[in-house]
Amino acid sequence: MSFPLLTATAALPALGAVATAAVPAARRAAAKWLALVVSLATLALAVTVLVRFDPGGTRYQLTESHAWIKDFGVRYELGVDGIAVALIALTALLIPFIVLAGWHDADPLETGNRRWRPTQGFFALILAVEAMVIISFEATDVFLFYIFFEAMLIPMYFLIGGFGDRAHEHGEETAATQRSYAAVKFLLYNLAGGLIMLAAVIGLYVVAGNFSLQEIAQARVNGSLHMATDTERWLFLGFFFAFAVKAPLWPLHTWLPNAMQESTAPVAVLITAVVDKVGTFAMLRFCLQLFPEASKWATPVILVLALISIIYGALLAVGQRDIKRLVAYASISHFGFIIMGIFAMTSQGQSGATLYMVNHGISTAALMLVAGFLISRRGSRLIADYGGVQKVAPVLAGTFLIGGLATLSLPGLAPFVSEFLVLVGTFTRYPAIGIIATFGIVLAALYTLVLYQRTMTGPVKPEVSAMPDLRARELVVVAPLIVLLIFLGVYPKPVTDIVNPAVKQTMSDVHKKDPKPEVEAAK
């Protein structure tokens, strides 16, 4: 039996979470270092998966399959395609930076009669989320995927509600209430989506007789499994609803601004750069493969919802007074681009959407983590409380600018390539949608540059006059992300080479081909 690499990649952070939580309360530093070492070891395993994956090989590789619940046809089945490999690498890459950035976020702090939860719990929960996200990317059994798709809500709930942002203008009691509200809202929205998906999962089993993604997809292709049109559409809607909540897609997005506002910056990155990617990934893996005809049937409505997300999210970002809420609404706009690329049903659109998942994770991590360093120095999330920061902390201001420019998809930085591919892929099949979506780019430039202008330029406010620049630990967090944004901006080929074969197979699943360019024949 070969080494179960995929299991090891998910099991290591899970075991690390248990070990970190078991560290004695007096050994907080040991818990931090243990979490960091485990996250780096997980990154090494993810790199091994990346190296061993052959883009030109079979669709699902490094597969593992074991009987689990035989009476119900549930198996422990894992396998990765190029899209999953890219997102596993992204997750494993970001977690060490999240751990380092949150190094002091859960240190004990006496606030009246309230004491912050143990430091060990904070880092154990981060590792637990990493394990559940990774196995969600690996699972090829629908029931196995569903379990971890839902289970990751539990550690995220405690990270939002128990370890929220300390920078709050209304006092600790009000802050605790708002954190609880944000955590409960996050949980209820995602649980509602999950319960609807559970009904669809059961319905899929009734129709197909098993939960194996590969077996069901193959049966759909060879004609041995036929779903009635209405049945397929209802099952598709059950799956898609849950994924649209997780993504999030308008109008199911309202939990995200609250969750990101009340979270620490590292947890906010965990939400939008890691956890939310499970939703868009699952649209590609499950919706399009299991329900190809229903996916095509729903495409016009989904594209309109994605377009609304793009414009609506960007417009609300322009008017925000809170830095974290601005980044949250910007992410809603970006997820609109990703979903639009997926359902444009073109190879350029789906390649761009997958690349966008990776690039958005890196750019949002860079911007939000630097914003977190900024907020921790001033003790306020409000944009109006800043001004002239670039004169007292030029390195902080410079990295903040690069993260912001990546968010607006400046040419030369990673998100530009993916956004360009999404727009081209959409325009070739739905020109009106593609044209309107470009206004999202204009609005992105507006909210990003206005944010930078109001916080970093102008007269130095007295409250920021003594603000220190980035420290060594913070530079270790930010510098690699900036390097990646530039590298993938000028040379995205390493990622596209991995994801493009999987995209072609997904296009084949839905029986779609790229539109032929309308070129007037030469006379």
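All figures in this text were calculated on a predicted structure; none of them were measured in a lab.
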Counting only N and O atoms by type, is there a donor-acceptor contact under 3.5 Å from the side chain of S333 to the main-chain atoms of I310?
-> yes
Verdict with supporting geometry, F186 and Y157, ring pair (Phe, Tyr, Trp, His ring centres under 6.0 Å) | CA-CA 7 Å; F186 162 82; Y157 169 81; 8.0 Å; no
Under 6.0 Å between the ring centres of Y76 and W68?
-> no
Do F240 and F343 have ring centres separated by under 6.0 Å?
-> yes
Taking everything shown except R27 itself, do over 12 heavy atoms lie less than 6.0 Å from its CZ?
-> no
Backbone of A294 reached by a side-chain donor or acceptor of E232 within 3.5 Å | yes
So, the side chain of T272 versus the backbone of V269: is there a donor-acceptor pair under 3.5 Å, distance only?
-> no
Kindly give the heavy-atom pair with the smallest separation between V275 and M156, and that separation in Å.
-> CG2-SD, 4.0 Å
I498 side, atom CD1; D54 side, atom CG - distance, nearest 0.5 Å | 10.5 Å
Should the heavy atoms of other residues, nucleotides or ligands under 6.0 Å from CZ of R52 be counted, would the total exceed 12?
-> no
Could you state the interatomic distance from CD (E77) to CD (Q214), rounded to the nearest 0.5 Å?
-> 6.0 Å
In Å, rounded to the nearest 0.5 Å, how long is the span from CD of Q348 to CG of L421?
-> 7.5 Å
Which pairs, with at least one residue in residues 123-151 and sequence neighbours excluded, count as a side chain to side chain donor-acceptor pair (under 3.5 Å)?
-> none
Close side-chain approach of K296 and E293, heavy atoms under 4.5 Å | yes
Please state whether the rings of F236 and F291 are parallel, tilted or perpendicular, taking 30° and 60° as the class boundaries.
-> perpendicular
Parallel under 30°, tilted from 30 to 60°, perpendicular over 60°: which one fits the rings of Y356 and F337?
-> parallel
When the aromatic ring centroids of F286 and F145 are compared, is their separation below 6.0 Å?
-> yes
Side chain to side chain contact (heavy atoms under 4.5 Å, CB included) partner of V278, the single match among M152, M132, R285 | M152
NZ or CZ of K32 within 45° of F123 ring axis and under 6.0 Å = no
For T506 and Q289, run side-chain hydrogen bond (donor to acceptor under 3.5 Å, both in side chains): C-alpha distance rounded to whole Å, both residues' side-chain angles, the deciding distance at 0.1 Å, then the answer.
-> CA-CA 7 Å; T506 303; Q289 284 192 55; 5.3 Å; no
Residues that K70 engages under salt bridge (charged side-chain N to carboxylate O under 4.0 Å, His left out), provided they are two or more places apart = none
Taking every heavy atom of L249 against every heavy atom of A247, the minimum-distance pair comes out as N-CB, 4.2 Å
For this output row, return yes or no: ring centroids of F243 and F281 closer than 6.0 angstrom.
-> no
Do H253 and F335 have ring centres separated by under 6.0 Å?
-> no
